[in-house]
Amino acid sequence: MNVKKILAAVSAVILTVALACIMTGCDKSGSIVKAFEAKEYTVTEISTDNDTAKSILKTAGLTDEQVKNASEYKIYLCTAKGLASLTSSGVVIKFPSGSALKDFLTVEDKDGNKDSSAYDKAKENGSVNGNCLYFGAPAGKEIFEKA
């Protein structure tokens, strides 16, 4: 067999394995949930019908349509125990991929142009971790970022 063919085959296998690892390695929700639970938060999967979740999402600046669309994804309410729950609660939205998260935060401006500045800002301030998005108290965001 030709050396070029062998190298091409080996390269193809390595590339396939690398892509598979990249694609499957982007779901951060498991490590995020474990990080919150390790800090003694109660993590509950909820829907956008939950009043606390609605309040946090609307306070974060999401439109009514975005809050409604969030119901298509897994949503976790992370609540600290005791009195800290009043100042430490947060919501984590799990998207199927990082690109779905970016699409969720990208809106059309009045001229019909795509505006991804909300995504850029969320990524910059630490509210994006893999395919997950965090809204809520700074104490929870610190846990989210380190997960």
Side-chain angles (χ1 to χ4, degrees), residues 8-147:
V10 169
S11 296
V13 169
I14 290 172
L15 183 60
T16 302
V17 170
L19 285 173
C21 289
I22 289 169
M23 296 304 288
T24 58
C26 41
D27 182 13
K28 296 286 289 181
S29 62
S31 61
I32 291 168
V33 167
K34 286 179 185 174
F36 275 101
E37 290 173 340
K39 295 289 185 178
E40 298 190 5
Y41 277 66
T42 301
V43 179
T44 311
E45 190 174 331
I46 60 169
S47 73
T48 53
D49 293 335
N50 180 290
D51 291 334
T52 303
K54 271 187 197 174
S55 173
I56 290 171
L57 295 175
K58 286 186 177 187
T59 301
L62 293 183
T63 65
D64 288 336
E65 184 178 341
Q66 285 174 314
V67 172
K68 181 181 151 206
N69 290 342
S71 66
E72 297 174 20
Y73 309 107
K74 283 191 177 183
I75 302 172
Y76 300 99
L77 177 62
C78 305
T79 311
K81 296 191 186 268
L83 292 176
S85 67
L86 299 173
T87 59
S88 300
S89 293
V91 171
V92 175
I93 303 175
K94 174 190 171 191
F95 294 86
S97 66
S99 62
L101 189 162
K102 184 174 183 176
D103 290 343
F104 177 80
L105 289 177
T106 300
V107 295
E108 254 185 51
D109 64 15
K110 59 185 174 197
D111 298 326
N113 298 318
K114 300 267 182 186
D115 177 11
S116 63
S117 61
Y119 173 78
D120 297 335
K121 183 179 177 184
K123 192 161 178 115
E124 184 179 300
N125 75 22
S127 296
V128 172
N129 189 344
N131 61 321
C132 297
L133 178 64
Y134 177 81
F135 296 107
K141 188 163 101 175
E142 186 176 316
I143 297 167
F144 175 83
E145 289 177 301
K146 291 180 180 179

Got a second to check how far [X]'s [atom1] is from [Y]'s [atom2], nearest 0.5 Å?
X: Y76; Y: T42; atom1: OH; atom2: OG1; result: 15.0 Å
X: N129; Y: S31; atom1: CG; atom2: OG; result: 6.5 Å
X: K94; Y: N131; atom1: NZ; atom2: CG; result: 6.5 Å
X: D115; Y: D109; atom1: CG; atom2: CG; result: 6.5 Å
X: I75; Y: I56; atom1: CD1; atom2: CD1; result: 11.0 Å

Requested in this report: State whether the number of non-hydrogen atoms from other residues, nucleotides or ligands found under 6.0 Å of E108 atom CD is greater than 12.
Outcome: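 Enclosed: over 12 neighbouring heavy atoms sit under 6.0 Å from CD of E108.
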Query raised in the report: Is the number of heavy atoms from other residues, nucleotides or ligands under 6.0 Å of N113 CG greater than 12?
Result: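 Yes - once you tally the heavy atoms of other residues, nucleotides and ligands closer than 6.0 Å, there are more than 12.
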Least distance between heavy atoms, [X] atom then [Y] atom:
X: F135; Y: A60; value: CD2-CB, 3.1 Å
X: A122; Y: L105; value: CB-CD1, 4.1 Å
X: I93; Y: A70; value: CD1-CB, 4.1 Å
X: T48; Y: V67; value: CG2-O, 3.2 Å
X: V92; Y: C132; value: CG1-CB, 3.9 Å
X: K123; Y: V128; value: N-CG2, 3.8 Å

Query - Residues forming a side chain to side chain donor-acceptor pair (under 3.5 Å) with S29, sequence neighbours excluded - result: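 Only D27 meet the side chain to side chain donor-acceptor pair (under 3.5 Å) criterion with S29.
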Query raised in the report: Quick one: which of D64, N69, T63 gives a side-chain contact (heavy atoms from CB on, under 4.5 Å) with Q66?
Result: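 The passing option is T63.
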Report task. Measure the shortest side-chain to side-chain distance between Y73 and P96 over non-hydrogen atoms and say whether it is less than 4.5 angstrom. Result -> yes
Requested in this report: Determine yes or no for a side-chain-to-main-chain donor-acceptor pair under 3.5 angstrom, with K102 supplying the side chain and Y119 the backbone.
Outcome: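 Checking the backbone N and O of Y119 against the side chain of K102, no donor-acceptor pair under 3.5 Å is found.
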Requested in this report: Spell out, as yes or no, whether a donor-acceptor pair under 3.5 Å connects the side chain of T44 to the backbone of I46.
Outcome: no
Query raised in the report: Any idea how F104 and F95 line up, ring-wise: parallel (<30°), tilted (30 to 60°), or perpendicular (>60°)?
Result: tilted
Query raised in the report: Relative to each other, are the rings of F36 and Y134 parallel, tilted or perpendicular (30° and 60° limits)?
Result: parallel
Query raised in the report: How would you list all residue pairs meeting salt bridge (Lys or Arg N to Asp or Glu O under 4.0 Å) that involve residues 132-147, not counting sequence neighbours?
Result: E142-K146
**Report entry** Partner residues of E37 under the side chain to side chain contact (heavy atoms under 4.5 Å, CB included) criterion, sequence neighbours left out
**Finding:**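 Once residues adjacent in sequence are excluded, the partners of E37 under the side chain to side chain contact (heavy atoms under 4.5 Å, CB included) criterion are V33, V43.
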